[in-house]
Amino acid sequence: MRYAAIDIGSNAVRLLIADIKQNDSTVSFKKNTLIRVPLRLGDDAFLDKKISEKKIDELVKTMLAFRNLIDVYKVSDYMACATSAMREAKNGDLIVQKIKSEANINLEIVEGQKEAKIIYASHIEQSLDKKKNYLYIDVGGGSTELSVFCNGEMVASRSFNLGGIRILDNQDKDETWSEMKDWVKQNTQPYKNLSGIGTGGNINKLFRMADLKDDSPLTFAKLRSLYLYLNSFSLKDRINVLGLNQDRADVIIPASEIYLSVMKWGGVKQIYVPRVGLVDGIIQMLIDKNFSE
C-alpha cells in the first residue's frame with residue numbers, strides 16, 4: 001500500500017510517495033520517492049499578494065506531473081496542502097480550483113495552526129526524552145511555527161509570518177519579530193534547560209553540513225559558526241564554491257537567523273534535527289485516519 005503527500009510551500013513544492021507497512025498493531029511508512037521542485041511562490045505572494053500567471057502555469061504543470069506519478073505508483077490515498085504563500089495570495093482559491101479541474105488534485109490551503117499540527121503529527125517528540133522539555137522550531141519560506149513540549153505534551157503553539165523568503169523579499173515586519181520574541185520568552189520562561197527540535201529544509205542542510213551523527217544535537221555555538229561561515233561567502237560562491245543549490249544558497253542565511261534568534265530568546269543551547277517535514281506529517285495523518293477507523 002502507498003500513500004502520497006504534497007506540500008506546496010513558499011520556496012519549494014514537494015511530493016513524497018511512501019510505502020505503508022503494517023506489522024501486527026503498528027503501522028509505519030518508508031519513503032519511496034521524494035521530488036522537490038523549487039517554484040518560489042513566495043516571491044509573488046509576499047510582494048504582489050497574488051501568484052503570477054507564469055507561476056500558476058508552472059504550479060499546474062507540476063501538479064499534473066505529481067498526479068501522473070500518484071497514478072503510476074498506484075497510490076491508495078493522498079493529501080495535498082498549501083502553506084504560507086498560498087495563504088497570502090488573493091488568488092489562492094482560484095488556483096485551488098484550477099488544480100482540481102486540470103490536475104484532478106484536491107488541494108487545501110491550511111492555516112498556520114493546522115500546518116503546525118500536521119508537522120507534529122510525525123510524533124517526533126515520542127522518540128525523545130520524556131523528562132526533557134522542548135521548543136519545536138519549524139522555519140519555512142513564509143512562516144515559522146513554534147511549539148513548547150513539556151513531558152511529551154504540547155503546552156503552547158503559535159505561527160508567525162516570518163520565513164526565509166519573506167525576509168529575503170524585505171516583507172518581514174519589526175512588530176512580527178517583537179511578537180515572536182515576546183511569545184518565546186513568555187512561553188519558555190517556566191522551563192529550564194530547554195532543548196530544541198528543528199525542522200525545515202534549511203536546518204536539515206545545516207545539520208548535514210555540521211557532519212554529526214544522526215541522533216546528535218546541533219549546538220547553538222556550532223549553528224552560529226556555520227551561519228557566520230556561510231555568510232562570509234557571496235551568494236555566487238555559496239553556489240559555486242560550497243555547492244549549495246541556487247534556491248537554498250540565499251534563503252539559508254535568513255532561515256539561520258530565525259533559528260538562532262529563537263534559540264537565544266528561549267535559552268536553547270542545542271537543537272535536535274530529525275530531518276522530517278510537512279510531507280512526513282501528512283503521511284502520518286493519512287495513516288492515523290485510515291487505520292483508526
Side-chain angles (χ1 to χ4, degrees), residues 9-12 36 38 40 42-43 46 84 124 134-148 160-185 188 192-277:
S10 305
N11 190 24
R36 180 180 180 277
R40 280 263 158 123
D43 283 340
F46 306 141
S84 190
I124 296 155
Y134 297 94
L135 175 59
Y136 201 131
I137 312 163
D138 180 77
V139 178
S143 65
T144 294
E145 276 67 46
L146 302 176
S147 292
V148 179
F160 295 89
N161 280 342
L162 275 174
I165 305 289
R166 204 184 284 272
I167 295 170
L168 279 180
D169 292 341
N170 293 312
Q171 296 303 305
D172 55 317
K173 296 186 171 79
D174 288 344
E175 58 262 37
T176 314
W177 279 102
S178 298
E179 265 175 52
M180 187 158 82
K181 182 179 182 179
D182 292 345
W183 188 92
V184 172
K185 291 200 160 195
T188 58
K192 295 283 172 280
N193 303 321
L194 263 183
S195 289
I197 305 172
T199 52
N202 292 293
I203 197 84
N204 291 348
K205 182 64 185 172
L206 288 157
F207 185 82
R208 281 196 294 273
M209 288 179 74
D211 203 21
L212 297 165
K213 287 201 180 81
D214 270 359
D215 51 358
S216 303
L218 183 59
T219 64
F220 178 87
K222 179 68 178 173
L223 182 57
R224 190 169 178 275
S225 70
L226 276 171
Y227 162 72
L228 293 171
Y229 172 72
L230 287 166
N231 215 7
S232 69
F233 288 83
S234 67
L235 174 60
K236 197 174 160 193
D237 283 348
R238 268 178 247 140
I239 297 164
N240 297 330
V241 179
L242 299 181
L244 292 183
N245 287 345
Q246 196 165 343
D247 65 294
R248 180 68 65 211
D250 54 358
V251 81
I252 200 165
I253 298 297
S256 300
E257 288 163 2
I258 297 174
Y259 285 107
L260 288 166
S261 298
V262 171
M263 287 174 77
K264 186 175 153 194
W265 300 331
V268 174
K269 294 186 177 69
Q270 58 182 20
I271 187 165
Y272 291 89
V273 184
R275 284 189 281 180
V276 300

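Model, not experiment: these values are computed from the prediction. Just the heavy atoms: all of them, side chains too, but no hydrogens, waters or symmetry mates, feed the values below.
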(message) Here's a test for you: under side-chain contact (heavy atoms from CB on, under 4.5 Å), which of Asp172, Leu168, Asn202 qualifies with Pro254?
(response) Leu168

(request) Go through the structure and list residues passing salt bridge (Lys or Arg N to Asp or Glu O under 4.0 Å) with Asp169, not counting sequence neighbours. (result) none

(message) Return the OH to CG distance between Tyr134 and Asn193, rounded to the nearest 0.5 Å.
(response) 11.5 Å

(request) Using modelled atom types only, decide if a donor and an acceptor are shared between the side chain of Arg224 and the backbone of Leu260 within a distance under 3.5 Å. (result) no

(message) Looking at every non-hydrogen atom in both residues, tell me the closest pair between Phe207 and Ser216 and how far apart they are.
(response) CE1-O, 3.2 Å

(request) Rounded to the nearest 0.5 Å, what's the gap from OH on Tyr136 to CD1 on Ile271? Could you check? (result) 10.0 Å

(request) Compare every heavy atom of Ala249 with every heavy atom of Ile253, then report the nearest pair and how far apart it is. (result) CG1-O, 4.4 Å

(request) State the OH-OG distance between Tyr227 and Ser232, to the nearest 0.5 angstrom. (result) 11.0 Å

(message) Are Leu206 and Ser256 packed together at the side-chain level, in the sense that at least one heavy-atom pair is separated by less than 4.5 angstrom?
(response) yes

(message) Using every non-hydrogen atom in the two residues, find where Lys185 and Trp265 come nearest and quote the distance to one decimal.
(response) CG-O, 3.9 Å

(request) Output the distance between atom CG (Asn204) and atom CZ (Arg248), rounded to the nearest 0.5 Å. (result) 8.0 Å

(request) Identify the two heavy atoms, one from Ser195 and one from Val268, that lie closest to each other, and give their separation to 0.1 Å. (result) C-CG1, 3.8 Å

(request) Write down the atom of Tyr272, the atom of Asp215, and the distance for their closest heavy-atom approach. (result) CE2-O, 3.7 Å

(message) Apply side chain to side chain contact (heavy atoms under 4.5 Å, CB included) to residues Arg36 and Asp247 and explain how you reach the verdict.
(response) CA-CA 11 Å; Arg36 180 180 180 277; Asp247 65 294; 2.6 Å; yes

(message) Assess the residue pair Met180 and Asn161 against the criterion (side chain to side chain contact (heavy atoms under 4.5 Å, CB included)); give the C-alpha distance rounded to whole Å, side-chain angles, the decisive distance to 0.1 Å, and a yes or no.
(response) CA-CA 9 Å; Met180 187 158 82; Asn161 280 342; over 6 Å; no

Identify every side-chain donor-acceptor pair in residues 139-146 under 3.5 Å, counting partners at least two apart or on other chains, and give the distances.
| from | atom 1 | to | atom 2 | distance (Å) |
| --- | --- | --- | --- | --- |
| Ser143 | OG | Arg87 | NH2 | 3.2 |
| Ser143 | OG | Glu145 | OE1 | 3.4 |
| Ser143 | OG | Glu145 | OE2 | 3.1 |
| Thr144 | OG1 | Leu162 | O | 2.7 |
| Glu145 | OE2 | Ser159 | OG | 2.5 |

(request) Taking the side chain as every heavy atom from C-beta outward, state whether Asn11 and Arg40 have any atom pair closer than 4.5 Å. (result) yes

(request) Please say which of Leu244, Leu235, Ile239 ends up in a side-chain contact (heavy atoms from CB on, under 4.5 Å) with Asp250. (result) Leu235

(request) Give, for atom CZ of Arg208 and atom CZ of Arg275, the distance between the pair rounded to the nearest 0.5 Å. (result) 6.5 Å

(request) List the atom of Val184, the atom of Leu135, and the distance in Å for their closest heavy-atom pair. (result) CG1-CD2, 4.3 Å

(request) Find the distance between CD (Gln171) and CD1 (Ile165) and round it off to the nearest 0.5 Å. (result) 12.0 Å

(request) Could you pull out all residues at least two apart from Ser84 that satisfy side-chain hydrogen bond (donor to acceptor under 3.5 Å, both in side chains)? (result) Arg166

(request) Report yes if some heavy atom in the side chain of Met263 is under 4.5 Å from a heavy atom in the side chain of Leu218; otherwise report no. (result) no

